[in-house]
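Here is the structure we will look at, set down as structure tokens.
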Amino acid sequence: MNKTLLLNDLDLNQFFYAIQDISYVIVRRSNPEKWPGYFQGEDIDIFCYDKAAVGRNLLGIANIYVNQGFDIESTDHDNGMQTHIDFFKGGQLQFRFDLYGRLPRFKKVCIKEHLFLSVIENAHPLEYQWQEENYPLYIPSSADDLLLRYIEYVEYFEQRPDKIKHLDYIMSSISDIPGRLGFIEKLHQYTDLPKCIAYIPEEEEKAKHYAQSLRYHFKMIVNELIRRIKP
Amino acid sequence: MHLYNDSNFKPLAKQRLDYFLIWGHGLDCKKEIIDFLRAEKALNIILLFEYYPGNIHKFVKKIYSHDYAPFQHLKDKTRYLLKTPSRVIIILVKNLDVCEVLVGNGMFRHIECERIVRVKNKIRDAFNPRENNKRTEHHVIHASDNEEQTHRLLLDIGCKNGINAFHHKPNSLLDLPYHVNPFHSFRIQSIPVSKIHCRLLSPESTKSDLKVDQCRLTDSPHCACLNGDPTRYKSYLDMASKVRECDNHSVENFLLLNKNLKYLETPYESSYILVKYCTESNCFLIFDGLHRAVILTHQGYKKITVAVITQGIS
């Protein structure tokens, strides 16, 4: 993303006005304070149940921009569960809609699939306008926003130390104890640690059990023999 | 087999695949029957082809083995079919407005779509042979009660994956016909009409060996049809129907599309003509939307907005 070049060639309000009747939530906006402006190369992550419907509506608006010199490219990832809709101008990526039909895969933290539904269902509408008509722009509830920031921090902190900003934001947002407890409760509800690698294979466990059992019976037999042998 | 009871019945299907089958004695009025089906707005014909069962006895038995009536009743009901020619037409339709209901009692209780039953009966009223000015029960048409029967029929006639072959989605965003191979990346571009070529079945094609010719849109039989000469287009459709299953194409349909086409307008905003760049001939070959491309060319467009496949199709 080029943070020096603020653009407004694409009317983002028009895109989101078009999908207001479909269930979706914008998980991450890089620069909400600049909305509907955006920096060159910026992307926006969208969770939605019906990715095809959201995508088709966005492409419907995109047709206007083809005549304005934009090239639009759509690429599926993760077996079609994630789709990038990219807007290029003069060979340069201007903006990307990143559509998710299910939770992205994380390596460092296990997320329950149900979180996807929870984030969409608890989405919070912000009121914006397109052509003097109000429409709702859906963003995560504040609790889900913190949770998603935390997940992003855990997942990417090793490669991107700047992700510490999410942790700082979380700490400053919930400074009181009850707030922190609430956050931890939600975190506990939807996340899990990856399975520990150090484990005893099943076969080894079984072999140990048989060996113990054999030893036990051997001892019993020996004891019985001693008892009978003893005068 | 008792497949459905009230407890597991879920009237969920909004759309489903159904089939109509015109028996040999109804082929004289096949055009009228097909036109009748075409006029049904909730039924979208996606495949239409002639099928030659080797043995009509076995075929009738197969078809009715998936029915839900008592065997003896079916045997009596279908006796007349054994004397019909061993040639049928199968019409596969996408039922866009399903009205499913549970009918029948006991082990014969099953799901059927009221719309399909209504259409089937109207066709029977109009085209069944008549005696003493009354409709006989020698039905010219048979139709599926539910999607499972469609699946069974397709398997019986050799379509390996049954209905799954038609539920397959070539791309996660675009609405495309089942026969387009899957691809995962495309680019929307405005390209000159002169760079778009069509792929037509070669007259040398056979059922086992389909050959494809390339030509300019303006040289196609489709374009000739719009210029007032439908004979080439008609004979092309006839030729195509002999070597492969055909979509719902006819001169009338094409002319109607020419009149009503609203390319990329609501609600068809993302129904792009699909093309792929061919390096050998330095042009874009059409994979879906030939009729629309020809119409736009005929209307004088010099450039068309299309979806260009960039990855994932051979």
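A note on names: the letters A, B, ... follow the listed sequences, proteins ahead of strands, and every chain is numbered from 1. On a predicted model such as this, the values are computed, not experimentally measured, just so you know.
Across B/Asp175, B/Leu174, B/Leu173, the residue that shares the most heavy-atom pairs under 4.5 angstrom with chain A is B/Leu173.
Listed by sequence position, A/Lys51, A/Ala52, A/Gly55, A/Arg56, A/Leu59, A/Gly60, A/Asn63 are the residues of residues 44-63 of chain A in contact with chain B, using a 4.5 angstrom heavy-atom cutoff. Residues from residues 71-85 of chain A that place a non-hydrogen atom less than 4.5 Å from a non-hydrogen atom of chain B comprise A/Asp71, A/Ile72, A/Glu73, A/Ser74, A/Thr75, A/Asp76, A/Gly80, A/Thr83, A/Ile85, given in numerical order. By a heavy-atom distance cut of under 4.5 Å, not one residue of residues 124-138 of chain A is near chain B.
When the shell of 6.0 Å around OH of A/Tyr150 is examined, it contains 12 or fewer heavy atoms from other residues, nucleotides or ligands. Within 6.0 Å of the NZ atom in A/Lys186, the count of heavy atoms belonging to other residues, nucleotides or ligands exceeds 12. Within 6.0 Å of CD in A/Glu185 there are 12 or fewer heavy atoms belonging to other residues, nucleotides or ligands. Within a 6.0 Å radius of OH in B/Tyr268, no more than 12 heavy atoms belonging to other residues, nucleotides or ligands are found. Dense packing is recorded around CZ of B/Arg115, with more than 12 heavy atoms of other residues, nucleotides or ligands lying under 6.0 Å away. The environment of A/Glu158 atom CD is sparse: at most 12 non-hydrogen atoms of other residues, nucleotides or ligands sit within 6.0 angstrom.
For B/Thr305, there are no side chain to side chain donor-acceptor pair (under 3.5 Å) partners at least two apart in sequence or on another chain.
Proximity to chain A (any heavy atom under 4.5 Å) is restricted, for B/Tyr272, to the side chain, taken from C-beta onward.
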